[in-house]
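Nothing fancy with the numbering, it's 1 onward along the sequence.
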Amino acid sequence: MKKGLFIFTIGALVLTGCSSNEGFSGPRDSVAENVEKAFGVKFDPNHDWCTTTSGTVSISGIPAGATNVQLFALISKEVKNDDNQTEIETSLLKLNEATNVGSSVNLVYDAPKDHQAIYAAAVVNGYRMMKQVKNGVADFSGKKSAAARRRAAVAPDYSSMKLFADSTFESFASQRGWFGEKKQYLYGMSGEAYQKWVQKAEPYSAEYTQLFRDLVFSYFQNKVRNLEKIMESKLVNDKVYPLTTGDAPIVVSPVYKRDQATRWGNEVWNSDLYYYYYKEETLTDYVTKGGNAVDFLNALPKYKAIPFNQHFGSTEDDKIEKRASYTLIYWGDGEPDYNTPGQAFPAGYKIGFMVRAKTTSEAPRKQGELYGDGRLNNKINFWPNFKTSNLGTDGPRACWLNVEDRLFLTFESGTDDDFNDIILEVEGGIDPISFVPEFDRDFYTFCFEDRELGDYDMNDVVIKATRINETTVEYSIVACGAYDQLQVRNVNGATIKDDAEIHALFGVSTNTFINTVKGATSLDPVTDQVTVSKDFSFLNAATQPYIHNVTMGKDIKLSQKGEDPHGIMIPYAFRWPKEKTCIKDAYLRFNEWGQNSRINSTDWYKYPVEENVY
């Protein structure tokens, strides 16, 4: 029979000392000796095995029409970049949610102790307005909508803005013969014209700059392949084109770039933003007559909007700042005219965007036109330097994203598929586009040892729990690495009942390990949703799940201060140790944390040994 060995779950451990293992009997010295033998160290006698905190947020000034209010925790993890330097990777986790709210509400939350911030959010008109919680309070009274925030649009003077013949280039795609005998040209104004055309932009507040960083880079994390998220937005290919309204200038503001400039040949700095436009009925007519939509889009004139080397500093990197804006110009339809000044954009046009990468570093491997519409990337996505992005056929290079009610276009200009290389704010005369990023809920993992003298792989019973909303909690039994007859108590669900034996819930015999042996057939979790009170907390000992060992006639609860870790609770997506692997061997920093819980390796749970976790 397997001795119980404890296991934690996802990201940030929350071992909570909420109750004692009063079911244990026998000589405690023998337990202490077993613990020291299993771990090879003595643990801090004041260790409370708790890395979770709880609280209540008072949210006021909720805008009229808000459909729901949410709480999020910002968490972080140290990672190594390509230069083996330490960077901080952030994530936002949803903690709680309330619907049908009035102008104020109180929300209870549990969060990892090591969280950097708590954000309150109010969903209004499809956008998520956010406010960082300070001293348990979030007040939305001072928040302004985009319409109220944006200064009155003053139409710029288009009369002197003309296309410049010397700024007309054959595209790289055209030079490579990707269109057969057809030619594709790119058009622009003179460099001096762009210097006159640029306008000073109203900068972001410090609060919004922080929100931008926390939200955007929690969603589009650096060096993480984010194509799946892009596709989930459904704002790709033929859906990537916003429609002009004709009632205000269309303004584009570069606000961020990240390309490790000097290392990779100033890839973004040596690029330009282009745009093109068409009417849907013109495209429809072309296709109806037997034409191909991609051919139509490729043949459209492409106009330079922003020379990035005029905006960004040559060594600028990973800096969020809105300081300058460029207004898009309507150059008429058909063949471009070098003698006629541009105009304000009329209504009814769809606009597409393209980045022309033209660095001479490792040319021509790093040179090419990159489109938000993935259908136009079927050649460049397989070009030498760009093919390692694995975007493949129809792979888009840009995505729309909202931070509150501001709209951003995020570009993947390189190879790592994280879609945060260039970020542009687009505002003014286009129809609203709403893509509000969704974030995972915070999960907590309860890990138990089923025997008094355990092996501490902490996988004898593993339960994941998450709060769905104010009054709903979901529990899932995800693993059972024990042969004893075991029950989960205190869930009181329709399936996970106090008298339900765990192996029987999975339809297997008690001599079966469930989801703890690598290579064995995995079984789907057993899940229940239960109703709780609005003041529910996972840290409340009275409502925490615990284990009853029927075979031994004992209860195993979360460990208290001074006890051994027979029961622990960890936040995030924790990966438990595989069968018969002590948690100290699955997480090499665990012992350091156990010896001094206030100082050493408090984030041990974020760094598993891959071959030792399930």
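The six-membered or imidazole ring of Tyr256 lies away from that of Phe408, with a centre-to-centre distance of 6.0 Å or more.
For Glu192 (side chain) and Tyr194 (main-chain N/O), no donor-acceptor pair under 3.5 Å exists by modelled atom type. Listed for the Asp259 side chain is a donor-acceptor partner under 3.5 Å among the backbone atoms of Val268. For the pair Asn402 (side chain) and Ile433 (backbone), a donor-acceptor distance under 3.5 Å is present.
The pair Lys131-Glu404 fails the salt-bridge criterion, with no side-chain N (NZ, NE, NH1 or NH2) lying under 4.0 Å from an Asp/Glu carboxylate O. Using a 4.0 Å cut-off between charged nitrogen and carboxylate oxygen, Lys77 and Asp603 do not count as a salt-bridge pair. Comment: Asp318 engages Arg213 in a salt bridge, judged by a side-chain N to carboxylate O separation of less than 4.0 angstrom. Note on Arg323 versus Glu316: salt bridge recorded, some NZ/NE/NH1/NH2 to OD/OE distance being below 4.0 Å.
Judged by the 6.0 Å and 45° rule, Lys257 forms no cation-pi pair with Phe411. In this structure, Lys302 forms a cation-pi arrangement with Tyr276, its terminal cationic atom sitting closer than 6.0 Å to the ring centre and no more than 45° off the ring axis. For the pair Arg406 and Tyr208, the distance from NZ or CZ to the six-membered ring centre is under 6.0 Å and the angle to the ring normal is within 45 degrees.
Counting all heavy atoms, side chain and backbone alike, Leu370 lies closest to Ser413 at CD1-O, 3.6 Å.
Here salt bridge (charged side-chain N to carboxylate O under 4.0 Å, His left out) pairs that include residues 364-373, with residues two or more places apart or in two chains, are Glu267-Lys366, Arg356-Glu369, Glu362-Lys366, Asp373-Arg375.
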